[in-house]
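Each remark here refers to the structure printed beneath this line.
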Amino acid sequence: MSWLWAIIVGLVLGVIARAILPGKQDIPIWLTIIFGILGSILGNAVAGWIGVADTKGIDWIRHLLQLAGAVAVVAVGDMAWQAIRGNKRRT
């Protein structure tokens, strides 16, 4: 069940991260899910490092850090995907 939950959270965070980033990200949905999962892991790690991984009630800071991690991973991952695919962006 934890894998299913990770996929759902990765999808939600990846889609929100793509909506936050300006422009169009030409990455497939499976890569969006993977980037969302990686962003969630990154956000959890940062939350642990600063000591807010487990608080009373809803962990808003941890969730914001997960979203920030997803935005960063989607941004970098999109650039890497474009470089691998050989697609040049028009600005």
Side-chain angles (χ1 to χ4, degrees):
M1 190 67 172
S2 64
W3 282 104
L4 178 62
W5 189 244
I7 291 169
I8 292 169
V9 168
L11 174 63
V12 170
L13 284 175
V15 168
I16 293 172
R18 285 179 68 170
I20 290 173
L21 289 169
K24 183 174 192 253
Q25 292 77 40
D26 291 324
I27 55 176
I29 192 70
W30 63 268
L31 202 52
T32 301
I33 294 169
I34 292 172
F35 289 162
I37 292 170
L38 292 174
S40 175
I41 292 169
L42 178 64
N44 281 336
V46 171
W49 293 333
I50 63 174
V52 295
D54 190 27
T55 60
K56 292 182 180 180
I58 299 174
D59 298 327
W60 292 110
I61 296 172
R62 181 174 55 97
H63 296 315
L64 288 174
L65 289 170
Q66 288 175 338
L67 181 58
V71 169
V73 172
V74 168
V76 172
D78 180 52
M79 288 187 287
W81 180 256
Q82 296 306 320
I84 291 169
R85 301 288 291 178
N87 298 337
K88 300 287 184 190
R89 287 222 174 156
R90 288 182 253 159
T91 55

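- I41 and I34 are assigned to two separate hydrophobic clusters, defined by single-linkage of ILVMFWY side chains at heavy-atom distances under 4.5 Å.
- Note on I29: it does not cluster hydrophobically with L38, by side-chain heavy-atom contacts below 4.5 Å among ILVMFWY residues.
- Remark: F35 CZ to L42 CG distance equals 13.0 Å, nearest 0.5 Å.
- Other residues sharing a hydrophobic cluster with W60 under the 4.5 Å side-chain heavy-atom criterion for ILVMFWY residues are I58.
- Side-chain heavy atoms closer than 4.5 Å link hydrophobic residues (I, L, V, M, F, W, Y) into clusters, and following such links, possibly through other members, connects L67 to V9.
- Going from atom CD1 of I33 over to atom CD1 of I8 covers 10.0 Å, rounded to the nearest 0.5 Å.
- Other residues, nucleotides and ligands contribute at most 12 non-hydrogen atoms within 6.0 Å of the CD1 atom of I61.
- Applying the side-chain contact (heavy atoms from CB on, under 4.5 Å) rule to A47 yields the partners V52, A53, R62, L65; only residues at least two apart in sequence or on another chain are considered.
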Do any side-chain atoms of residues 11-22 form donor-acceptor pairs under 3.5 angstrom with protein atoms, and if so which ones, sequence neighbours left out?
from	atom 1	to	atom 2	distance (Å)
R18	NH1	I27	O	3.2
R18	NH1	T32	OG1	2.9
R18	NH2	Q25	O	2.8

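- Residues V74 and W30 fall within the same hydrophobic cluster, defined by Ile, Leu, Val, Met, Phe, Trp and Tyr side chains chained together at heavy-atom separations under 4.5 Å.
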